[in-house]
Structure formats: C-alpha cells, structure tokens
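Down below is the structure, laid out as structure tokens.
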Amino acid sequence: QVQLLESGGGLVQAGSSLRLSCAASGRTFSSYVMGWFRQPPGKEREFVAVSRGNGVFTYYADSVKGRFTTSRDNAKQTAYLQMNSLKPEDTAAYYCAATTKPLPAARSMWSSPQFYNYWGQGTQVTVSS
C-alpha cells in the first residue's frame, strides 16, 4: 500500500509561483510512475504532468508546458510540482498520484486518472487576477 501526502497549496496572485510536494510511502519510490492532476471547480480531473524513475521521463499538459516543472527526490521519496507564472485558470484542487505499474507507451493511458492506483488528499491552489 502506497500513501501520498501533499502540501504546498495556497492563495497567490497571478504571475506568482508555488511548489507542491507529494511525500510517498513505500520502499520502491524510484520505480513509481508519479502523476499530477488538477480538478477545477465544476470540471473533471485533468492531467498536468507525469514523471518516471529519476525523472528521466517527464511530460506535461500543453496548458502548463514551459511554466510547470515536475521533479522528484528519490532519497526523500518526494515528488514536486514547481508552478511558475501562475494564471487564474490554474485555480484547482491539485492531486498527486502514483502507480507501481510499468509506464505504457500510450499517452492516453498514463494521462488518464484511471491508470493510477494511489492518490494524495489534494491541495487547493487559488490564483487571483
């Protein structure tokens, strides 16, 4: 069983930065595929970013590419989502997710919430204009 604990959300102004953290339990963190998702008010959960291993593979949604960066510290068993140049449309509950399954080649799979077995509790990010 993998447990994920998120932190780092908050209320910020447009153009600001935030860093979300996701601390994971388990002994094989370096092998986890770690995903980040967000759920804006009244909308479905959407893919933000994914990383695998030591971060050699990362991929981002077009809406955050160039502004958000995911990284991981395997020694601390923690994944991070650095969010820069935040916009009001980034306002959402942000979730980290993990799976021990191998990363499939198809983007449609690893960008889907259904691919992940474990979820953090979520942290709210609110960006004011």
Side-chain angles (χ1 to χ4, degrees):
Q1 187 75 8
V2 176
Q3 294 183 323
L4 304 175
L5 183 62
E6 297 180 55
S7 60
L11 171 63
V12 297
Q13 291 187 329
S16 299
S17 298
L18 277 176
R19 188 177 78 159
L20 305 184
S21 299
C22 177
S25 65
R27 294 181 290 179
T28 58
F29 175 78
S30 61
S31 67
Y32 297 169
V33 175
M34 297 295 299
W36 289 93
F37 290 79
R38 66 186 182 186
Q39 189 162 14
K43 297 185 178 180
E44 293 186 353
R45 195 165 296 189
E46 62 185 33
F47 168 78
V48 175
V50 64
S51 71
R52 179 178 65 87
N54 291 320
V56 292
F57 173 82
T58 58
Y59 199 89
Y60 301 90
D62 289 343
S63 58
V64 306
K65 199 172 294 183
R67 299 187 298 122
F68 290 14
T69 303
T70 185
S71 61
R72 49 201 297 169
D73 185 332
N74 289 332
K76 294 182 178 180
Q77 298 198 154
T78 301
Y80 303 97
L81 183 68
Q82 177 67 43
M83 306 184 294
N84 299 328
S85 302
L86 283 161
K87 304 175 181 180
E89 51 263 43
D90 294 319
T91 295
Y94 282 72
Y95 298 87
C96 64
T99 182
T100 57
K101 292 181 285 188
L103 184 72
R107 174 183 176 180
S108 60
M109 293 187 68
W110 47 256
S111 63
S112 169
Q114 283 68 40
F115 176 66
Y116 298 85
N117 304 107
Y118 308 103
W119 289 85
Q121 81 283 8
T123 185
Q124 180 66 34
V125 172
T126 302
V127 184
S128 64
S129 59

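On a predicted model such as this, the values are computed, not experimentally measured, just so you know.
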Hey, is the main chain of [Y] close enough, under 3.5 Å, to the side chain of [X] for a donor-acceptor pair?
X	Y	result
Ser112	Met109	no
Thr91	Val127	yes
Gln39	Ala93	no

[X] to [Y] - nearest heavy-atom pair and separation:
X	Y	answer
Ser129	Pro88	CB-CG, 3.8 Å
Gly9	Leu18	C-CD1, 4.4 Å
Gln77	Gly26	OE1-O, 2.6 Å
Ala49	Leu81	CB-CD1, 4.4 Å

Test of understanding: clusters of I, L, V, M, F, W, Y form through side-chain heavy atoms closer than 4.5 Å, transitively. Do Tyr59 and Met83 belong to the same one? no

Side-chain contact test, heavy atoms from C-beta onward, threshold under 4.5 Å: evaluate it for [X] versus [Y] and give yes or no.
X	Y	result
Phe115	Pro104	yes
Thr70	Met34	no
Val50	Phe57	yes
Thr69	Tyr80	no
Tyr116	Val33	yes
Phe29	Val2	no

Would you call Lys87-Asp90 a salt bridge at under 4.0 Å N-O? no

For Tyr95, does the six-membered ring have the charged nitrogen or CZ of Arg45 within the cation-pi criterion, i.e. under 6.0 angstrom from the centroid and within 45° of the normal? yes

Any chance you could measure [X], atom [atom1], to [Y], atom [atom2], to the nearest 0.5 Å?
X	Y	atom1	atom2	value
Arg19	Asn84	CZ	CG	11.5 Å
Cys22	Arg72	SG	CZ	9.5 Å
Thr78	Leu20	OG1	CG	12.5 Å
Phe47	Ser63	CZ	OG	9.5 Å
Arg67	Ser85	CZ	OG	7.0 Å
Leu103	Ser31	CG	OG	12.0 Å

Aromatic ring centroids of Tyr32 and Tyr118 under 6.0 Å? no

Please find out if less than 6.0 Å separates the ring center of Trp36 from that of Phe68. no

With under 30° as parallel and over 60° as perpendicular, where do the rings of Phe37 and Trp119 fit, or are they tilted in between? tilted

side-chain contact (heavy atoms from CB on, under 4.5 Å) partners for Ala92, two or more places apart: Arg38, Pro40, Tyr94

Verify the neighbour count for atom NZ of Lys76: are there more than 12 heavy atoms of other residues, nucleotides or ligands below 6.0 Å? no

In this structure, are over 12 heavy atoms from other groups packed under 6.0 Å from Gln124 atom CD? yes

